[in-house]
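Worth saying up front: this structure is predicted, and the values here are computed from it rather than measured. Residue numbers count from 1 along this sequence.
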Amino acid sequence: MAEQRRAERLDQPREPRGVKLPRFDPEAFGRWSEGIARSMGTANFIVYMTLVIGVWFGWNTLAPANLRFDPYTFTFLTLVLSLQASYAAPLILLAQNRQADRDRVALEEDRRRATAQKADTEYLAREIAALRIALGEVATRDFVRTELARLAEELDEANQRRQRLERRQQEKGRPRSAGGEGLDEPRDEVDSDLRNV
């Protein structure tokens with residue numbers, strides 16, 4: 001009795017009771033059923049099945065009576081075709097279920113890829129918009145050229161004014177003073193000319 005209690009310890013799992021049924025690998029069985037369903041869905045299967053039934057009819061109709069194994073009502077053929085149909089339908093359903101599982105996995109993968117692609121596209125669109133904004137603030141080559149041309153024109157005008165002032169002073173024969181004004185020129189006129197330079 002003590003040994004029986006030791007066998008029923010709570011810290012150890014119990015052995016399952018009852019009849020143990022054989023277990024099959026569902027993946028291998030599924031591949032096998034898909035192979036059968038694929039072969040039954042071909043034109044070759046229909047042609048061979050038609051030939052077998054035709055030979056069956058011919059043999060059991062035209063052969064001598066003692067050699068016929070399935071006489072006119074063809075009961076055995078009906079039984080064989082019923083048995084084939086009863087196994088074909090579940091095998092086809094099993095193959096369709098496996099295909100539906102594969103399609104579901106492929107659909108989820110496509111959805112995941114589409115989501116990632118959409119996120120990448122949105123990121124790239126934001127980056128392109130940011131680059132456009134940044135480029136709007138950057139001086140372009142044409143803008144720099146026009147600004148340089150404008151500055152060159154202003155420098156040319158300033159140089160021409162300076163040269164005119166120098167010519168005026170040389171024509172009058174009077175040197176410019178430190179304040180930048182001639183002896184007989186009004187101070188305001190000379191100051192305004194110098195400011196424009």
Side-chain angles (χ1 to χ4, degrees), residues 13 23-49 85 87-197:
R23 294 194 170 263
F24 300 102
D25 181 18
E27 192 63 29
F29 192 76
R31 285 193 301 269
W32 178 72
S33 68
E34 282 181 339
I36 291 174
R38 280 195 188 100
S39 64
M40 289 179 77
T42 60
N44 286 339
F45 178 79
I46 294 172
V47 168
Y48 293 143
M49 189 71 168
Y87 275 98
L91 288 174
I92 290 170
L93 286 173
L94 181 61
Q96 286 178 345
N97 288 342
R98 285 175 55 85
Q99 184 63 42
D101 291 341
R102 277 196 299 271
D103 291 345
R104 190 179 314 110
V105 169
L107 183 65
E108 288 172 5
E109 181 66 19
D110 289 346
R111 188 177 296 131
R112 187 191 61 77
R113 284 183 184 171
T115 303
Q117 193 172 24
K118 182 180 178 185
D120 289 345
T121 304
E122 288 175 355
Y123 171 76
L124 288 174
R126 285 192 304 270
E127 288 296 313
I128 289 172
L131 284 174
R132 283 183 178 167
I133 291 169
L135 282 176
E137 297 170 1
V138 173
T140 61
R141 183 173 49 188
D142 293 336
F143 175 75
V144 171
R145 282 181 180 166
T146 55
E147 288 298 310
L148 286 175
R150 187 180 60 77
L151 287 173
E153 288 174 6
E154 287 179 6
L155 285 175
D156 285 343
E157 289 174 8
N159 282 336
Q160 289 173 1
R161 278 192 226 119
R162 185 177 293 134
Q163 287 173 359
R164 271 187 265 141
L165 277 175
E166 288 175 358
R167 266 189 255 135
R168 267 194 245 153
Q169 288 176 355
Q170 286 176 357
E171 287 173 2
K172 293 184 181 180
R174 298 186 186 124
R176 285 175 64 180
S177 65
E181 57 186 45
L183 293 178
D184 56 349
E185 289 183 5
R187 182 181 178 104
D188 293 337
E189 185 181 329
V190 174
D191 285 343
S192 66
D193 286 342
L194 288 175
R195 266 189 240 112
N196 290 334
V197 174

Please test Glu171 against Arg164 for salt bridge (charged side-chain N to carboxylate O under 4.0 Å, His left out), starting from the C-alpha separation and ending with a verdict. CA-CA 10 Å; Glu171 287 173 2; Arg164 271 187 265 141; over 6 Å; no
For Asp103 and Gln99: C-alpha separation, side-chain torsions, deciding distance, then whether side chain to side chain donor-acceptor pair (under 3.5 Å) applies. CA-CA 6 Å; Asp103 291 345; Gln99 184 63 42; 3.0 Å; yes
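Side-chain atoms of Arg168 and Leu165, non-hydrogen and from C-beta on, do get closer than 4.5 Å to each other.
Nearest approach of Ala37 to Leu91, heavy atoms of both residues: CB-O, 4.4 Å. Heavy atoms only, all atoms of each residue included: Pro26 and Arg98 are closest at O-NH1, 4.3 Å. The heavy-atom pair separating Arg104 from Asp101 by the smallest distance is NH1-OD1, 2.9 Å. For the pair Ala88 and Met40, the tightest heavy-atom approach, listed with the atom from each and the gap, is CB-CE, 3.1 Å. Shortest non-hydrogen contact noted between Ser39 and Ile36 is OG-O, 2.8 Å.
Rounding to the nearest 0.5 Å places CD1 of Ile128 at 12.5 Å from CD1 of Ile133. Here the CD-CD distance, from Gln170 to Gln163, works out to 10.5 Å after rounding to the nearest 0.5 Å. With values rounded to the nearest 0.5 angstrom, Tyr87 atom OH is found 15.0 Å from Ile92 atom CD1. For the atom pair CD of Gln96 and CD of Glu34, the computed distance is 10.5 Å after rounding to the nearest 0.5 Å. Atom OG1 of residue Thr42 and atom OH of residue Tyr48 lie 9.0 Å apart, to the nearest 0.5 angstrom. Glu127 contributes atom CD, which lies 11.5 Å from atom CG of Asp120 (distance to the nearest 0.5 angstrom).
In Glu109, the CD atom is crowded: over 12 heavy atoms of neighbouring residues, nucleotides or ligands sit closer than 6.0 Å. The neighbour count for Arg150 CZ, taken as heavy atoms of other residues, nucleotides or ligands under 6.0 Å away, is above 12. More than 12 heavy atoms of other residues, nucleotides or ligands sit less than 6.0 Å from atom CZ of Phe45. Environment of CZ in Arg102: crowded, with over 12 heavy atoms of neighbouring residues, nucleotides or ligands closer than 6.0 Å.
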